[in-house]
Amino acid sequence: MNYPYVAEFRRALVEWFESEKRDLPWRHTKDPYKIWVSEVMLQQTRVDTVIPYYNRFMESFPTLELLAEAPQEYLLKHWEGLGYYSRARNLQAGVREVLENYGGIVPDNRHEISKLKGVGPYTAGAILSIAYNKPEHAVDGNVMRVLSRVLEIHEDIALPKTKKIFEAAVEELIDPEHTSSFNQGLMELGALICTPTSPKCLLCPVREYCKAFNGGEPEKLPVKSKKVKMKHLSYDVFVCEDTEGRILMEQRPEKGLLANMWQFPMIEHDEEATLTTQAIFEANYHVHVNKQQELMKFKHVFSHLTWQLNSYHLQSEPSQCGHWFTREQIEMLPMPVPMLKIWETLK
DNA sequence: CACGCGTGGTA
DNA sequence: TTACCAAGCGT
């Protein structure tokens with residue numbers, strides 16, 4: 001790699017991290033299970049968002065055994081609002097693998113830990129370096145941004161193959177005596193100093209060893225291509241309440257978007273089209289509707305698509321078909337954010 | 001490899 | 001408002 005300041009870079013980064021690191025809940029433990037949970041929650045998710053979820057999760061599932069035994073609906077309720085719900089199912093599957101195949105001890109080597117569901121190259125390296133002090137790379141978006149600037153790497157970080165370049169770089173740079181602080185230091189630097197826009201170079205502990213800073217244009221890095229094409233879908237959503245106060249719910253399929261989450265019945269219609277007729281709803285869900293009133297209309301944006309939701313409150317006769325719940329029971333069901341919005345409005 | 005998979009914050 | 005993100009992984 002031909003980077004002349006390895007020793008100085010390590011020392012400056014580790015010392016900065018030790019003195020400036022944020023006080024975060026998962027930094028009070030070296031329990032590999034807890035580090036694992038924190039790393040999964042942090043995937044594509046902001047620190048401030050994760051903190052309350054992590055704390056609540058550890059109150060309910062302080063050990064790997066308790067998580068392994070949890071009913072999936074109870075687990076998903078703890079993940080409700082955090083997004084990427086397959087992370088929760090994969091985490092539980094991974095924990096069960098550890099109990100079955102490794103005697104309840106999280107593996108301390110990349111080969112075995114990488115076999116666990118939901119543990120990819122980044123998460124493996126993070127657990128190994130933070131919990132076990134192993135000199136393993138943990139390359140995420142922060143690390144690629146920081147090192148693209150420090151080393152002036154112009155490869156497109158949106159391309160999967162580019163990550164190999166950064167993993168190789170970390171393998172050379174990593175401080176073998178302080179693997180945890182080194183890896184976390186790179187990420188903390190990316191989060192606090194070496195930010196995507198307007199990096200705070202004058203506060204950076206490694207600016208003297210940064211090629212982009214010395215070259216003058218750290219904001220031009222990293223190079224990142226790739227645009228996302230959005231799909232738009234429109235639905236009518238029906239909060240159908242019978243004369244006994246029970247409300248009709250449905251569970252989403254076990255694969256795909258919002259898998260296994262609960263929702264009020266939804267019927268898709270093409271853009272700008274008329275609302276679903278009461279007759280169509282009655283036919284689809286086998287209920288007799290007495291009254292219908294508009295609830296709220298709003299847009300919900302996912303990473304790769306948007307929903308236009310028009311919601312209605314229906315009064316119906318009791319029915320034997322479908323899943324009907326009391327208001328108290330609905331509070332226990334894991335629901336995605338757009339359904340929670342409708343629910344909060346109705347209450 | 002490209003794409004599917006949530007949500008809330010920010011320029 | 002649109003765009004782009006923020007500690008990725010599975011398929």
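Reminder, nothing fancy here: chain letters follow the sequence lines and each chain counts from 1. Just the heavy atoms: all of them, side chains too, but no hydrogens, waters or symmetry mates, feed the values below. Just so you know, these numbers come straight off a predicted model, no measurement behind them.
- Note on ring orientation: taking the six-membered ring where Trp is involved, the planes of A:Phe57 and A:Trp79 are perpendicular (angle over 60°, cut-offs 30° and 60°).
- As judged by a 4.0 angstrom heavy-atom cut-off over every strand, A:Gly190 is placed among residues making no nucleic acid contact.
- If you check the side chains of A:Asp242 and A:Ser316, you find no donor sitting under 3.5 Å from an acceptor.
- A distance of about 14 Å separates the P atoms of C:dT11 and B:dG6, rounded to the whole Å.
- Atom CG in A:Asn260 sits roughly 14 Å away from atom P in B:dC5 (whole-Å rounding).
- Comparing A:Arg46 and A:Leu257 along DNA chain B, the residue whose closest nucleotide (by nearest heavy atom) sits nearer the 5' end is A:Leu257.
- A:Leu67 and A:Ile113 fall within the same hydrophobic cluster, defined by Ile, Leu, Val, Met, Phe, Trp and Tyr side-chain heavy atoms under 4.5 Å apart, directly or through other members.
- Of the candidates A:His323, A:Glu80, A:Glu73, A:Glu73 is the only one forming a side-chain hydrogen bond (donor to acceptor under 3.5 Å, both in side chains) with A:Trp262.
- At a cut-off of 3.5 angstrom, the base of B:dG6 holds at least one donor-acceptor pair with the side chain of A:Ser303.
- For the C1' atoms, the distance linking B:dC5 with C:dA6 amounts to 15 Å, nearest Å.
- At C:dC9, one or more side-chain N or O atoms of A:Thr123 fall inside 4.0 Å of OP1 or OP2 (strictly under the cut-off).
- Each of A:Val301 and A:Val143 was assigned the nucleotide of DNA chain C with the nearest heavy atom; the assignment lying further toward the 5' end belongs to A:Val301.
- Neither OP1 nor OP2 of C:dA6 sits under 4.0 Å from any side-chain N or O of A:Tyr84.
- Among C:dG8, B:dC5, C:dC5, the nucleotide with an atom closest to any side-chain atom of A:Gln44 is C:dG8.
- Rounded to whole Å, the C1' atom of C:dG8 lies 16 Å from the corresponding atom of B:dC1.
- Put simply, NZ on A:Lys117 is 15 Å from C1' on B:dC5, counting in whole angstrom units.
- Evaluation of atom-type donor-acceptor distances gives a pair under 3.5 Å for the side chain of A:Thr45 against the base of B:dG6.
- A:Leu82 comes within 4.0 angstrom of a nucleotide base, judged by non-hydrogen atoms across all strands.
- Residue-level contact check: A:Lys341 touches neither bases nor backbone, having no heavy atom under 4.0 Å from any strand.
- Contacts of A:Arg22 with the nucleic acid, taken as non-hydrogen atoms under 4.0 Å apart, include base atoms.
- Per the geometry, NZ belonging to A:Lys299 stands 9 Å off C1' belonging to C:dT2, to the nearest Å.
- Ring pair A:Phe9/A:Tyr209 is perpendicular by interplanar angle, where above 60° counts as perpendicular and below 30° as parallel.
- If you check B:dG6, B:dG8, B:dC1 against the side chain of A:Lys161, the one that comes closest is B:dC1.
- No side-chain N or O of A:Thr243 forms a donor-acceptor pair with one of A:Glu317 less than 3.5 Å apart.
- For A:Lys163, the listed nucleotide lying nearest its side chain is C:dC9; candidates were B:dC1, B:dG8, C:dC9.
- For A:His304, no side-chain nitrogen or oxygen approaches OP1 or OP2 of B:dG4 to under 4.0 Å.
- Within the 4.0 angstrom heavy-atom criterion, base atoms lie near A:Leu24.
- Between the CG atom of A:Leu309 and the C1' atom of B:dG6 there is a distance of 14 Å, given to the nearest Å.
- Counted by atom type alone, A:Asn183 and A:Ser129 present one or more donor-acceptor pairs between their side chains at under 3.5 Å.
- The side chain of A:Pro196 approaches C:dC5 more closely than any other nucleotide in the set C:dG10, B:dT7, C:dC5.
- Pair assignment for B:dC1 gives none, since no Watson-Crick or G-U wobble pairing has each distance under 3.5 Å.
- Nucleic acid contact class of A:Arg145 (heavy atoms, under 4.0 Å, all strands): sugar-phosphate only.
- Counting any heavy atom pair closer than 4.0 Å across all strands shown, A:Val47 reaches a base atom.
- In this structure, of B:dG6, B:dC5, C:dG10, it is C:dG10 that holds the atom nearest to the side chain of A:Asn90.
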